[in-house]
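The block underneath contains the structure these notes are about, expressed in C-alpha cells.
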Amino acid sequence: MNARRRALVAFGGTAACALLPASGQPQARATDAFAFALIGDVPYNALEVQVLKAVFASFDSDLVFALHVGDIKASWEECSDSLLDHRLALLAASPVPLVYVPGDNEWTDCGRARAGRFDPRERLDWLRRHAFGGSTASSPSSVPTSGTSSLEGYERQSDRLAGGLPENLRWRHRRVRFVTLNLPGSNDGLDADGLGRSDRERRTQANAQWLLDSYRLAAEERAVAIVVSVHANPRFGAARRFGTDGYQPFRSLLRAASDGFAGPTLLLHGDSHRHRVEQITRKLQRVESYGSPFVDRWVRIDVEPGAPEPFRISSRSARVARDEPLAHVER
C-alpha cells in the first residue's frame, strides 16, 4: 500500500478525488507578489499584551493580512470568559485583517486545575460563538478581527459542509489558497483532561474533509500554492515514542495531499515556541512562529506566486522597552 493510500485509510477512506493535482497552470504576473505576517503563542501575560500591541504597530504597511496560529493565553492563566474576551479584542485591534487559529491553551488544556477546571468542550463552544460566529452564522464580520470580509472567497467549513467546524476557515489571495484547521497541542487533545477520544475523532474527520476539499478546490481553480495553518507542531521527525501519536494521521495526510498537488504547500504552526523554517519534502515546507517569551518578533512571509520557490521567510522585531523578563518560559 503506498503512502497516499495509507493516509486516506487512516482518515476513514476520505475521497481520493480531492487529491487531483492542478495542471496547466498559467504563469503568475510579477505584480501578483504580496506579503503577510505570522504570529503565535502570544500573549501569555499582561506585559506581553503590551508587547503584542507594539508588534502590531511594527507591521509593514504592505502586509495584506496576518495569521495568529493559536495560544492567546498561557496554560497557567484561567480560561475565564473575561480573559478570553479581552485577548480576542486585542486580536481585533490588528491594523491588518487577522485570522486566528485556536490553540490548546484556550480550550483543550482548560480542564487543568490551574486553568480553572473548565470543560474543554464548553470552552471550544465559547470560542466558536465569540471568535467564529457560532455554528450557523455566515457573515465573516462575525469573526472578531478586523477586515476579514476583505479576504477573497473567505468561508467557514460549517457554512460549506455538513458537520463542518466553524473555526476551520479558508480564503484565497492572488491564486494562493489558504486553509486553517483546528489541530491543537497536547497531542491533538489526547493528553487533555475532560476530552474523550470520540471528540477528537469527530474533529479529525472534519479536519481531513476540509483539508482534502481545499486541495480539490485549489486544483479546480488552478491555484499555484497552498498555505495550511494549524496551531500544533505536528512533530515531523520526532514521532511520539510511547502511547498514541496524535499527529501521525495529519502528517500522513498532509504529505499525501501535498505530493498530489502540482504546486508547493507551506505549513504554518506554533506550539513549541521555536521559530524554524524546514523543508519536509520536495513539495512541503513548514514555518513555526515565534512564541513567548520571544514575543517582540514576528515572521514576514513574502509570496511571489509565479516563482519556482514562491515563499520567502524573514524575521521582524518591534521596538519594546524591557525592564523585566517578558514571560515565564512555560507553554
Side-chain angles (χ1 to χ4, degrees), residues 25-43 48-70 72 88-101 140-141 143-155 169-180 218 221-230 263-270 275-277 285-291 294-320:
Q25 297 176 343
Q27 279 294 108
R29 301 183 303 273
T31 54
D32 286 341
F34 65 95
F36 64 95
L38 171 65
I39 58 175
D41 299 285
V42 60
E48 290 188 0
V49 166
Q50 300 306 313
V51 178
L52 182 55
K53 292 178 181 179
V55 167
F56 284 159
S58 73
F59 275 178
D60 300 321
S61 61
D62 63 337
L63 297 179
V64 293
F65 57 82
L67 276 157
H68 189 299
V69 286
I72 55 175
L88 291 176
L90 177 63
L91 299 190
S94 168
V96 299
L98 185 146
V99 177
Y100 158 63
V101 180
S141 62
V143 180
T145 53
S146 58
T148 49
S149 59
S150 67
L151 300 178
E152 183 181 358
Y154 179 95
E155 60 182 348
L169 310 172
R170 68 185 178 196
W171 67 99
R172 61 183 173 270
H173 191 80
R174 295 183 183 172
R175 300 182 54 243
V176 176
R177 170 58 62 178
F178 292 82
V179 56
T180 76
E221 65 194 12
R222 298 201 293 177
V224 298
I226 294 180
V227 178
V228 179
S229 298
V230 301
T265 294
L266 184 67
L267 173 67
L268 307 179
H269 68 85
H275 173 52
R276 74 186 89 195
V277 180
Q285 184 182 38
R286 67 135 159 200
V287 178
E288 180 169 358
S289 67
Y290 289 102
F294 308 105
V295 293
D296 59 335
R297 306 169 194 176
W298 56 278
V299 180
R300 177 185 168 107
I301 302 178
D302 285 272
V303 186
E304 188 176 348
E309 296 182 2
F311 301 111
R312 188 171 74 254
I313 317 301
S314 57
S315 298
R316 297 288 189 273
S317 296
R319 290 183 174 272
V320 179

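Computed from a predicted model, the values in this text were never measured in an experiment. Throughout, residue positions are numbered sequentially from 1 according to the sequence presented.
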Do [X] and [Y] come within less than 4.5 Å of each other through their side chains, counting heavy atoms only?
X	Y	answer
Tyr100	Leu88	yes
Val99	Phe178	no
Leu38	Glu288	no
Phe311	Asp302	no
Leu268	Val101	no
Asp41	Ser289	yes
Arg286	Arg276	yes
Leu90	Pro43	yes

[X] side, atom [atom1]; [Y] side, atom [atom2] - distance, nearest 0.5 Å:
X	Y	atom1	atom2	value
Arg177	Trp171	CZ	CH2	9.5 Å
Ile226	Leu266	CD1	CG	11.0 Å
Phe34	Glu304	CZ	CD	11.0 Å
Arg319	Asp296	CZ	CG	12.0 Å

Looking only at heavy atoms, which two atoms of [X] and [Y] are closest? And how far apart?
X	Y	result
Val69	His269	CG2-C, 3.7 Å
Ala66	Phe59	CB-CE1, 3.9 Å
Val176	Pro305	CG2-CG, 4.3 Å
Arg297	Tyr290	CB-CD1, 3.6 Å
Gly153	Arg172	CA-NH1, 3.8 Å
Ala37	Leu63	CB-CD1, 3.7 Å

Notebook entry, point to check: Any Lys/Arg nitrogen of Arg316 or Asp60 sitting under 4.0 Å from an Asp/Glu carboxylate oxygen of the other?
Noted result: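 Salt bridge: yes.
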Note to self: Before you tell me yes or no, could you show the steps for Leu52 and Ile39 under side-chain contact (heavy atoms from CB on, under 4.5 Å), namely the whole-Å CA-CA distance, both residues' side-chain angles and the distance that decides it to 0.1 Å?
What the structure shows: CA-CA 9 Å; Leu52 182 55; Ile39 58 175; 4.0 Å; yes
Next item on the list: Mind telling me whether Phe65 and His173 have parallel, tilted or perpendicular rings, with 30° and 60° as the class edges?
Entry: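 The rings of His173 and Phe65 stand perpendicular, inter-plane angle above 60°.
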Checklist line | Donor-acceptor pair, side chain of Thr180 and main chain of Leu169, under 3.5 angstrom | finding: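 Indeed, once roles are kept as given, a pair shorter than 3.5 Å links the two residues.
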Item checked: Reference residue Trp298; test side chain to side chain donor-acceptor pair (under 3.5 Å); the match among Ser317, Ser58, Ser315 -> Ser58
Notebook entry, point to check: Would Thr265 and Val228 count as a side-chain contact (heavy atoms from CB on, under 4.5 Å) if you check the C-alpha gap in whole Å, the side-chain angles of each, and the deciding distance to 0.1 Å?
Noted result: CA-CA 7 Å; Thr265 294; Val228 179; 4.2 Å; yes
